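Below you'll find the structure, written out as structure tokens, and then a few comments.
As the structure is a prediction and not an experimental result, all values here were calculated from the model.
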There are 2 protein chains.
Amino acid sequence: MHRNPGPRGTCAHEETHGHRLNGDAVESRARSYAVSKGVPFTPMRQSVLALLAASGKPMSAYEIAEKVSDARKLKAVQVYRALEFLQEAGCVHRLASRSAYFACDHLHGEGETVVFMVCAQCGAVQEAASELVARGLRGAAKTTGFRPRHPMIEVEGECAECAGTPER
Amino acid sequence: MHRNPGPRGTCAHEETHGHRLNGDAVESRARSYAVSKGVPFTPMRQSVLALLAASGKPMSAYEIAEKVSDARKLKAVQVYRALEFLQEAGCVHRLASRSAYFACDHLHGEGETVVFMVCAQCGAVQEAASELVARGLRGAAKTTGFRPRHPMIEVEGECAECAGTPER
DNA sequence: CAATGCTTGTTATACTGTTACATATGAGAC
DNA sequence: GTCTCATATGTAACAGTATAACAAGCATTG
Ligand SMILES: [Zn+2]
Ligand SMILES: [Zn+2]
Ligand SMILES: [Zn+2]
Ligand SMILES: [Zn+2]
């Protein structure tokens, strides 16, 4: 469903949406990953990813379960299973600060240190890789001999729109 | 309980303990905060803080409820209330990546950007403030006009001890 | 004493996530 | 085709995390 709607351009009513992303590109990344693992990209996985990509904002697993495809009401465990696959595929991230999940259309390199910037007003998430942050983390670790493996960086704040349009 | 045990030096069996911290100093910080807010530093708050400080490792709220003072079995809500106070007082942090709480004996400045380094093996947490990370975050935010407020940085990895003594 | 403000005790409930097991589906192997 | 195997799905129960609501206690103060 909702395949090939043409180019996903910016649309006029951003306030109801999260950061617009290219759902087709995200989905094709998921498909590639599925192929590479020799597993199917099932309708279940497709639906969850499509919902997240269309929303563009973080949603809790239960929120996803309610809203997926307007049809069959999913159980939480089904959503978690789909999310597990999508996270492995790199199409979805988990926001620990909110226990929420969101679609990502970036292609993250292996050692990349990614910063999630979460708007406290509208919930939208922006991502940025920062080599400077990565260096800072390595420096912090070195002072104590800590061996860093998986950094998790989430910054709460206000996105440009919400900061410019307070309380709207 | 376990007041004035003299200087808290390193002890011989670190594997069962987290990073040793000065429980007295932490508690006195909590007392100061209580005074400054005109509220009491109650036995409830004292017990929870003492347990966390003695353990030196992150514990879940329910774990705290079970282990506090060996006596009266606390309800979760009581633990959460104590933790709320202690977090405001700056004596306890929450680890979002583990939904766990740990005592902190640092005195964090207002805008300080703190990195939590969590050992995947032993669970111990080390903290370090990094101005370099702070600059990196500001840089990442600037590219999109994001206004950062509360960074949350948790790095999973291995502490020096566990990295040096794998699988022991 | 009475009023106020905060803490505590208690119950219930919401939200988040996992385990276990039965069933279905789909791709090779025979 | 059918068997077999691995994986995905359906279903139920449960474990773990966190908050809401309200009664009761205990202090300080007027
Ligand atoms: Zn991403
Ligand atoms: Zn916003
Ligand atoms: Zn700290
Ligand atoms: Zn360790």
Side-chain angles (χ1 to χ4, degrees), chain A residues 30-31 33-52 57-69 71-89 91-102 118 123 152 154, chain B residues 30-31 33-52 57-69 71-89 91-102 118 123 152 154:
Chain A
R31 284 187 191 281
Y33 177 78
V35 168
S36 83
K37 301 293 273 190
V39 301
F41 184 66
T42 62
M44 177 89 264
R45 291 161 180 178
Q46 201 273 339
S47 308
V48 170
L49 180 55
L51 174 64
L52 284 176
K57 285 187 182 178
M59 304 174 67
S60 80
Y62 283 78
E63 223 175 324
I64 294 169
E66 281 172 5
K67 299 196 184 153
V68 129
S69 88
R72 55 202 165 144
K73 177 72 153 59
L74 298 185
K75 303 294 187 185
V77 64
Q78 303 177 282
V79 176
Y80 282 110
R81 287 197 281 229
L83 288 174
E84 183 181 11
F85 169 87
L86 295 168
Q87 287 178 267
E88 281 169 11
C91 300
V92 165
H93 301 305
R94 178 174 188 269
L95 267 188
S97 57
R98 305 192 158 204
S99 297
Y101 305 81
F102 65 99
V118 187
M152 216 205 54
E154 302 178 10
Chain B
R31 285 187 191 281
Y33 177 78
V35 168
S36 83
K37 301 292 274 189
V39 301
F41 184 66
T42 62
M44 177 91 263
R45 292 162 181 178
Q46 201 273 337
S47 307
V48 171
L49 180 56
L51 175 63
L52 284 177
K57 286 189 183 178
M59 303 174 67
S60 80
Y62 283 76
E63 221 176 325
I64 294 170
E66 281 172 4
K67 298 197 184 152
V68 130
S69 87
R72 54 200 167 145
K73 179 70 155 59
L74 298 185
K75 305 292 187 186
V77 65
Q78 302 177 281
V79 175
Y80 281 110
R81 288 197 281 231
L83 288 173
E84 182 181 12
F85 169 87
L86 295 168
Q87 287 178 266
E88 282 168 11
C91 299
V92 164
H93 301 305
R94 176 176 190 271
L95 268 188
S97 57
R98 305 192 158 205
S99 298
Y101 305 82
F102 64 100
V118 187
M152 215 205 55
E154 302 178 11

Rounded to the nearest Å, what distance is computed from the [atom1] atom of residue [X] to the [atom2] atom of nucleotide [N]?
| X | N | atom1 | atom2 | result |
| --- | --- | --- | --- | --- |
| B:Leu74 | C:dT8 | CG | P | 10 Å |
| A:Met59 | C:dG17 | CE | P | 14 Å |
| A:Glu66 | C:dA14 | CD | P | 13 Å |
| A:Tyr33 | D:dT7 | OH | P | 12 Å |
| B:Arg98 | C:dT16 | CZ | C1' | 18 Å |
| B:Ile64 | D:dG16 | CD1 | P | 15 Å |
| B:Lys73 | C:dG9 | NZ | P | 14 Å |

Exercise. Among residues 75-88 of chain A, which contact DNA chain D at a heavy-atom distance under 4.0 Å?
Worked result: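 Heavy-atom contacts with DNA chain D come from A:Val77, A:Gln78, A:Arg81.
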Problem set entry | salt bridge (Lys or Arg N to Asp or Glu O under 4.0 Å) involving A:Glu63 - partner list, sequence neighbours excluded |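 If we apply the salt bridge (Lys or Arg N to Asp or Glu O under 4.0 Å) test to A:Glu63, skipping adjacent residues, the hits are A:Lys67.
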Exercise. C:dT16 base stacked by A:Tyr62? Criteria: ring centres under 5.5 Å, plane angle under 30°.
Worked result: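 Yes.
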Would you tell me if any nitrogen or oxygen in the side chain of [X] comes within less than 4.0 Å of OP1 or OP2 on [N]?
| X | N | result |
| --- | --- | --- |
| A:Arg94 | C:dT16 | no |
| A:Tyr101 | C:dG17 | yes |
| B:Ser60 | D:dT17 | yes |

Exercise. Which distance, rounded to the nearest 0.5 Å, do you find between the CZ of B:Arg94 and the CD of B:Glu84?
Worked result: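 It is 12.5 Å, given to the nearest 0.5 Å.
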Exercise. Aromatic rings A:Phe41 and A:Phe85: how do their planes relate, parallel, tilted or perpendicular, breaks at 30° and 60°?
Worked result: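 Because their plane-to-plane angle lies in the 30° to 60° range, the rings of A:Phe41 and A:Phe85 count as tilted.
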Problem set entry | Minimum-distance nucleotide (side-chain atoms of A:Thr42 versus C:dT8, D:dA8, D:dA18) |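 Closest nucleotide to the A:Thr42 side chain: D:dA8.
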Exercise. If each of B:Pro43 and A:Ala100 is mapped to the nucleotide of DNA chain C with the nearest heavy atom, which maps nearer the 5' terminus, i.e. the 5' end?
Worked result: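 It is B:Pro43, whose closest nucleotide lies nearer the 5' terminus.
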Problem set entry | Residues forming a ring-ring contact (aromatic ring centres under 6.0 Å, His included) with B:Phe102, sequence neighbours excluded |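 With neighbours one apart ignored, the set is B:His93, B:Phe116.
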Exercise. What heavy-atom pair brings B:Pro58 and B:Leu95 nearest, and what distance separates the two atoms?
Worked result: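 Smallest interatomic distance, heavy atoms only, reads CG-CD1, 3.8 Å.
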For this session: Say whether, by atom type as modelled, one donor and one acceptor occur between the side chain of A:Glu154 and the main chain of A:Ser97 under 3.5 angstrom.
Result: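 Yes.
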Problem set entry | Evaluation steps, side-chain contact (heavy atoms from CB on, under 4.5 Å), between B:Leu83 and B:Leu52 | CA-CA 10 Å; B:Leu83 288 173; B:Leu52 284 177; 3.9 Å; yes
